[in-house]
Amino acid sequence: MSEHETHHDHHDENKLITQRRDKLAKLREQGNAFPNDVVREHKAADLHKEYGEHDKEWFEEHAIPVTVAGRMMLQRVMGKASFATISDVSGRIQLYTQKNVLGDEVFDDYCHWDLGDIIWASGMLFKTKTGELSVKVHDIRLLTKSLRPLPEKFHGLTDHEQRYRQRYIDLIMNHDTRDAFVMRSKIVSYIRNFFLQRDYLEVETPMLQVIPGGAVARPFITHHNALDLPMYMRIAPELFLKRLVVGGFERVFEINRNFRNEGLSTRHNPEFTMIEFYQAYATYHDLMDLTESLMRGIATDVVGSHEITYQGETFDFDKPFARMSVRSSILHFNPELSAEQIDTLEGAREVARKLGIPLKDGYGLGKVQIEIFEKTVEHRLLQPTFITEYPAEVSPLARRNDANPFITDRFEFFVGGREIGNGFSELNDAEDQAERFMQQVADKDAGDDEAMHFDADYIRALEYGMPPTAGEGIGIDRLVMLFTDAPSIRDVILFPHMRPE
RNA sequence: GGGCCGUUAGCUCAGUCGGUAGAGCAUCUGACUUUUAAUUAGGUGGUCGUGCGUUCGAGUCGCACACGGCCCA
């Protein structure tokens, strides 16, 4: 075999594919094997919706001509007649073909078409004697030959790996998969409209950044050839969105991808979708209220119920969401602990040690408290809950609390034991922000490769003055998981990252 | 990163104590003009994830690796 042919070397092919290739070769001989000169006028679901209620006799009195097209999923040939089921974007519809109507040649060709072929048919609507709306076909054409056999018609495709790697097969075979991604699209649309209606401006900020900022995470590193410059895939849009608030866009939001160079799991994909939104002249309290109505709206208006079930647990979005501080939540879920134990560095370190949490030398009280919180509280926050008053030590971009400088005016939002959102009153004191960046740089120099860079232009922007502002980020993938009852993030991302085959 | 489980026909799955590789669907050849995973008769189809080892003999036992799933960190 020549080099030219190696790229379509059919090494993974079997007899079934060879047979289909032979059929395609015959089609090529007969003319255009990939015709596109058809008009598809009707979708399956529309026909069921409009005509599904009429009885058999009604169709005998009313001639309803239709043209349909789709992928042939089932075919039952009974000598001189046949039923086939085709699937289009909306659903399925049954075709009834007869040899004496189509003619011997067309009918015999049709009988040798394969499951998976894309076909077109025109004919009259009718109901079978079992009452199924069907098309009595007078003209039928093969539009696209399918060369690869579909999974078995009854069990479908169940292998997770193949479903993720070859999502197109998953979508062909599994209607639930299709539904989940339709739901995802509706949720995103709802969120977009929610903010547009509240006078937010939708914007797009750089995904390629010279200084990756706005989150504590390891970035992907890339390179710009013409500038001969190292660049980073963004880990968050935050610092750019706040520059826009400085610029006078008082309400902005962005729904798009972030990239974090971390492992893959049922809850982590290296690229994931977030919405971040910023509102001037608001505080984190306003955003908690906003988040609460957004979540309630998605549940009732998109999913259709204020109660949703996730992996067997029921969450109620109708009741007011619980709100409690990091500190009080630790004490609430660990009644054996005293305030003294978690309010001093020595006491908290001892608690962490007993819990088996590995601590680094540089950890201050705030960081240790968060470790204790994550270990003992987070997974128990099942009903929608806001946790507030995060330590400043773990909140390098949040505004310090006026009364207690140890904490910030920040919250995280939890459902089902998982963090869904993170918001705070923004730090708009340029000098405080510069100092916190310096601390992050010191952490980075000490070996913390997740610590932030110093973003001098962001400081410069704050020096022009940012109005008091509150901002929040919500992980869209995790949110969709919740509302589609998906156990893995891979079930809500069309093409999740996998190790190469 | 650790533990457990999985990988057999295009798909869904069996495979006993280590002794010739199985079923259903799909596909091919027939029968069949209202089926519903159509029915029905017959046939084709395998690098048992990869490699090494033990053995007269490995889908099966051992080791390593790859990919995946679940749980844990």
Side-chain angles (χ1 to χ4, degrees), chain A residues 10-24 26 48 55-56 59-60 71-87 91-104 107-108 110-117 123-138 145-166 168-170 172-175 262-268 311 352 355-359 371 374-376 378-379 417 486-491 496-501:
Chain A
H10 307 138
H11 64 280
D12 65 334
E13 297 199 354
N14 56 46
K15 191 173 169 184
L16 298 178
I17 296 176
T18 304
Q19 284 168 347
R20 290 181 177 215
R21 272 190 202 284
D22 291 344
K23 291 178 183 179
L24 175 60
K26 282 214 181 74
H48 287 293
D55 61 16
K56 194 167 157 55
F59 290 99
E60 287 160 9
R71 190 183 297 277
M72 186 162 72
M73 303 303 291
L74 297 169
Q75 190 189 37
R76 298 177 285 280
V77 178
M78 303 161 298
K80 297 183 179 63
S82 168
F83 287 96
T85 302
I86 63 169
S87 172
R92 294 185 169 199
I93 186 115
Q94 180 170 263
L95 309 180
Y96 178 57
T97 55
Q98 296 156 289
K99 191 166 188 166
N100 60 353
V101 173
L102 295 180
D104 291 1
F107 187 80
D108 290 344
Y110 155 84
C111 288
H112 288 89
W113 294 349
D114 292 296
L115 298 187
D117 288 353
M124 297 293 175
L125 277 186
F126 78 112
K127 277 209 169 166
T128 63
K129 64 183 179 189
T130 52
E132 178 163 351
L133 186 68
S134 307
V135 180
K136 191 169 286 186
V137 174
H138 60 66
K145 187 69 200 161
S146 171
L147 296 176
R148 290 180 180 270
L150 290 175
E152 194 226 353
K153 61 191 174 190
F154 187 60
H155 297 93
L157 182 68
T158 62
D159 182 72
H160 280 92
E161 181 173 355
Q162 202 177 349
R163 288 179 50 206
Y164 300 144
R165 288 190 194 280
Q166 295 179 269
Y168 39 92
I169 309 178
D170 188 26
I172 290 170
M173 299 305 298
N174 297 318
H175 210 270
E262 53 198 19
L264 291 78
S265 78
T266 51
R267 288 186 295 281
H268 298 85
Q311 304 294 295
L355 288 167
I357 299 169
L359 296 177
E371 293 284 338
E374 288 176 356
K375 175 93 176 183
T376 64
E378 195 170 306
H379 65 280
S488 169
I489 198 169
R490 289 173 166 167
D491 297 319
H497 286 285
M498 308 279 281
R499 284 188 164 84
E501 287 180 81

(request) Could you work out which one of B:U34, B:U12, B:U27 sits closest to the side chain of A:L115? (result) B:U27

(message) Within the structure provided, determine whether A:N100 and A:K80 are in side-chain contact (heavy-atom separation under 4.5 Å).
(response) no

(message) So if I take every side-chain heavy atom of A:R165 and compare against B:U34, B:A38, B:G68, which nucleotide ends up nearest?
(response) B:G68

(message) Ignoring hydrogens, what is the shortest heavy-atom contact between A:F126 and A:V135? Give both atom names and the distance.
(response) CE2-C, 3.7 Å

(message) Considering every strand and a 4.0 Å limit on heavy-atom distances, what is the contact class for A:M498: base, sugar-phosphate, or nothing?
(response) sugar-phosphate

(message) Applying a 4.0 Å non-hydrogen cut-off, can you work out what A:Q162 is touching in the nucleic acid: base, sugar-phosphate, or nothing?
(response) sugar-phosphate

(message) Which nucleotide wins on minimum distance to the side chain of A:P149, given the candidates B:G10, B:U12, B:C28?
(response) B:G10

(request) Under 4.0 Å between any heavy atoms, over every strand shown, what does A:T85 touch: base, sugar-phosphate, or nothing? Just pick one. (result) nothing

(request) Considering only atom C1', compute the distance from B:C11 to B:C52 and round it to an integer number of Å. (result) 32 Å

(request) Kindly say whether, by distance alone, the side chain of A:T128 makes a donor-acceptor pair under 3.5 Å with the base of B:U35? (result) yes

(message) Would you say A:Q94 and A:R76 are linked by a side-chain donor-acceptor pair, where the criterion is simply a distance under 3.5 Å?
(response) yes

(request) Would you kindly give the CG-to-C1' distance between A:L125 and B:U34, to the nearest whole Å? (result) 16 Å

(message) Tell me whether the side-chain N/O atoms of A:H112 come closer than 4.0 Å to OP1 or OP2 in B:U29.
(response) yes

(request) Take atom CG of A:D108 and atom C1' of B:G30, then tell me their distance rounded to the nearest Å. (result) 14 Å

(request) Could you tell me whether A:K375 and A:E371 have a side-chain N and a carboxylate O separated by less than 4.0 Å? (result) no

(request) Pick the P atom in B:U50 and in B:G10, then give their distance to the nearest Å. (result) 13 Å

(message) Counting the atoms with a prime plus P, OP1 and OP2 as sugar-phosphate, which does A:Q98 contact under 4.0 Å by heavy atoms, base, sugar-phosphate, or nothing?
(response) base

(request) Assign A:K153 to base, sugar-phosphate, or nothing according to its heavy-atom contacts below 4.0 angstrom with the strands shown. (result) sugar-phosphate

(request) Establish, with yes or no, whether the OP1 or OP2 oxygen of B:U35 is under 4.0 angstrom from a side-chain nitrogen or oxygen of A:K129. (result) yes

(request) Please measure how far the P atom in B:C67 lies from the corresponding atom in B:U20, and state the result in whole Å. (result) 34 Å

(request) From the options B:U12, B:U27, B:U35, select the nucleotide whose nearest atom is closest to the side chain of A:Q94. (result) B:U35

(message) Can you tell me whether the side chain of A:E161 and the base of B:U7 have a donor-acceptor pair closer than 3.5 Å?
(response) no

(request) Just call it for A:F107: base, sugar-phosphate, or nothing, with non-hydrogen atoms closer than 4.0 Å on any strand. (result) nothing

(request) Please state how far atom CD in A:E152 lies from atom P in B:G24, giving the value in whole angstrom units. (result) 12 Å

(request) Could you work out the separation of B:C48 and B:G22 based on their P atoms and round it to a whole Å? (result) 14 Å

(request) Assign A:R163 to base, sugar-phosphate, or nothing according to its heavy-atom contacts below 4.0 angstrom with the strands shown. (result) nothing

(message) If I take atom CD from residue A:E132 and atom NE2 from residue A:H48, how far apart are they, to the nearest 0.5 angstrom?
(response) 6.5 Å

(request) Evaluate salt bridge (charged side-chain N to carboxylate O under 4.0 Å, His left out) for A:K127 paired with A:D55, printing each intermediate quantity in order. (result) CA-CA 7 Å; A:K127 277 209 169 166; A:D55 61 16; over 6 Å; no

(request) Tell me which nucleotide among B:G10, B:G69, B:U34 gets nearest to the side chain of A:R490. (result) B:G69

(message) Starting the side chain at C-beta, find the nucleotide from B:U27, B:U35, B:C11 nearest to A:P151.
(response) B:C11

(message) Check the orientation of A:W113 and A:Y110. Use parallel for under 30°, tilted for 30 to 60°, and perpendicular for over 60°.
(response) perpendicular

(message) Counting the atoms with a prime plus P, OP1 and OP2 as sugar-phosphate, which does A:L74 contact under 4.0 Å by heavy atoms, base, sugar-phosphate, or nothing?
(response) sugar-phosphate

(message) I want to check something: taking the side chain as every heavy atom from C-beta on, are A:L150 and A:M173 in contact at a cut-off of under 4.5 Å?
(response) yes

(request) Using the C1' atoms only, state how far B:C13 lies from B:C71, rounded to an integer number of Å. (result) 25 Å

(message) Taking B:C63 as the reference, what is the distance to B:G68 when you measure between their P atoms (whole Å, please)?
(response) 22 Å

(request) Mind calculating the distance between OH (A:Y96) and P (B:A38) to the nearest angstrom? (result) 16 Å

(message) Taking any heavy-atom pair under 4.0 Å as a contact, classify A:K136: base, sugar-phosphate, or nothing.
(response) base

(message) Can you tell me which nucleotide in B:C70, B:G68, B:U27 comes closest to the side chain of A:S488?
(response) B:C70

(message) Tell me whether the side-chain N or O atoms of A:N100 pair up with the base of B:U33 as donor and acceptor below 3.5 Å, since no angle test is needed here.
(response) yes

(message) Tell me whether the side-chain N/O atoms of A:R76 come closer than 4.0 Å to OP1 or OP2 in B:U35.
(response) no

(message) Just the rounded figure in Å: distance from P of B:C11 to NE2 of A:H155.
(response) 14 Å

(request) Using whole Å, report how far CG of A:D159 lies from C1' of B:U8. (result) 13 Å

(request) Could you give the distance separating B:G24 and B:A9 at their C1' atoms, to the nearest angstrom? (result) 12 Å

(request) Using the C1' atom on both, measure B:A23 against B:U8 and round to a whole Å. (result) 13 Å

(message) Any base atoms under 4.0 Å from A:G263, or only sugar-phosphate, or nothing? Heavy atoms, all strands.
(response) nothing

(request) From the options B:U35, B:A37, B:G10, select the nucleotide whose nearest atom is closest to the side chain of A:N14. (result) B:G10

(request) Find the distance A:F59:CZ to B:U34:P and express it as a whole number of Å. (result) 20 Å

(request) May I have the distance from A:Q75 (atom CD) to B:U27 (atom C1'), rounded to whole angstrom? (result) 12 Å

(request) Consider the side chain of A:R499, meaning its heavy atoms from C-beta on, and name the nucleotide among B:A26, B:U12, B:C67 that approaches it most closely. (result) B:C67

